[in-house]
Amino acid sequence: MKKVVVTNQKGGGGKSTVAVNLAWHLSRRIPTLLLDADAQASSSSWANDWDGLEVVQVTDAPKLKRLLATQGDGLIVVDCPPHDAELAATAIPGADLVVVPVSPSPLDLWSAGPVLGALVGKVPVLVVMNRVRTGTRAATMAREALVNMGVPVARAALGNRMAYAEAALAHKPVAL
């Protein structure tokens, strides 16, 4: 079983958007389980009825640990909640990749710093820039700041597009 954990301690950074759409795309190629660890249940609400993608909400650390330990073949994508270090700490060990969505604002960069500092060099981590307006000074400066911190940043960034909100309203992945 492969495991991808999507986390950041700041709310509103795009964790659920990244987790849901990543899980859906990967489920087209490999059996995928999306674990929604956020009590807000955004991922569960958004992706619950998608063909080929199993979604389970689990907001209790011991239950999350048991679920992660009992999975067989395929892939697990864990959508971690903000402000809950215990659930993130339960999900991250043994992760094949930890994805940290970050918007190009000083507040997001500042709040992501401790998370990234705790992860980089210990587990495979990748920052995904989210809500990016291409060519803006904020996007360029945010990317540079992350690179200067020694943080791996995905070459591709998610734009600041209404398509994500419209996809969630329609209970579909953004690709459909």
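Just so you know, these numbers use all the heavy atoms, side chains as well, and skip hydrogens, waters and symmetry mates. Residue numbers start at 1 and run along the sequence shown.
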Can you give each donor-acceptor pair under 3.5 Å made by side-chain atoms of residues 116-134, sequence neighbours left out, with the distance rounded to 0.1 Å?
residue, atom, partner, partner atom, Å
N130, ND2, G13, O, 2.9
R131, NH1, G12, O, 2.3
R131, NH2, G12, O, 3.4

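P81 is not listed as a side-chain neighbour of T59, based on a closest heavy-atom distance of 4.5 Å or more. In this structure, S44 and V55 have side chains that are in contact, with non-hydrogen atoms separated by less than 4.5 Å.
Listed here is the closest heavy atom pair of P104 and A138: O-CB, 3.6 Å. Looking at every heavy atom in both residues, S43 comes nearest to L34 through CB-CD2, 4.0 Å. Taking all atoms of both residues into account, the shortest heavy-atom contact from V153 to R143 is CG1-NH1, 3.1 Å. Considering every non-hydrogen atom in both A37 and V78, the closest pair reads CB-CG1, 4.5 Å. Shown here for C80 and A91, the closest heavy-atom pair between the two residues is SG-CB, 3.9 Å.
Checked by atom type and distance alone, the side chain of D79 never pairs as donor or acceptor with a backbone atom of A19 at under 3.5 Å. A donor-acceptor pair is defined here as one N or O able to donate and one able to accept, closer than 3.5 Å; such a pair exists between the side chain of K15 and the backbone of K10. Remark: side-chain polar atoms of Q9 are paired, donor with acceptor, to backbone N or O of D84 under 3.5 angstrom. With hydrogens and angles ignored, the 3.5 Å screen pairs no side-chain donor or acceptor of W24 with any backbone N or O of G52. Formation of a donor-acceptor pair under 3.5 Å by the N8 side chain with backbone atoms of P101 is found in this model. Using modelled atom types, one side-chain atom of N21 and one backbone atom of T17 make a donor-acceptor pair closer than 3.5 Å.
The cluster map of Ile, Leu, Val, Met, Phe, Trp and Tyr, joined by side-chain heavy atoms under 4.5 Å apart, puts L35 and I92 in the same cluster. In terms of hydrophobic clustering, with Ile, Leu, Val, Met, Phe, Trp and Tyr side chains grouped at heavy-atom distances under 4.5 Å, V100 and V147 are assigned to a common cluster. Hydrophobic clustering (side-chain heavy atoms under 4.5 Å, transitive across Ile, Leu, Val, Met, Phe, Trp, Tyr) keeps L53 apart from V56. Using a 4.5 Å cut-off between side-chain heavy atoms of Ile, Leu, Val, Met, Phe, Trp and Tyr, with links allowed through other members, V98 and V18 fall into different hydrophobic clusters. V77 and L68 are members of different hydrophobic clusters when ILVMFWY side chains are connected at heavy-atom separations under 4.5 Å.
Atoms CG and CE, on D96 and M1 in that order, are 10.5 Å from each other to the nearest 0.5 Å. How far CG of D73 is from CG of L75: 11.5 Å, rounded to the nearest 0.5 Å. The distance from the OG atom of S45 to the CG atom of D38 is 10.0 Å, given to the nearest 0.5 Å. One distance of note links CG of D60 with NZ of K65; it measures 12.0 Å at 0.5 Å rounding.
Around CG of N148, the count of heavy atoms belonging to other residues, nucleotides or ligands within 6.0 Å exceeds 12. The environment of Q40 atom CD is sparse: at most 12 non-hydrogen atoms of other residues, nucleotides or ligands sit within 6.0 angstrom.
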Determine, stepwise, if the pair W50 / V20 fulfils side-chain contact (heavy atoms from CB on, under 4.5 Å). CA-CA 10 Å; W50 294 355; V20 162; 3.0 Å; yes
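Remark: K3 engages no residue in a salt bridge (charged side-chain N to carboxylate O under 4.0 Å, His left out) (not counting sequence neighbours).
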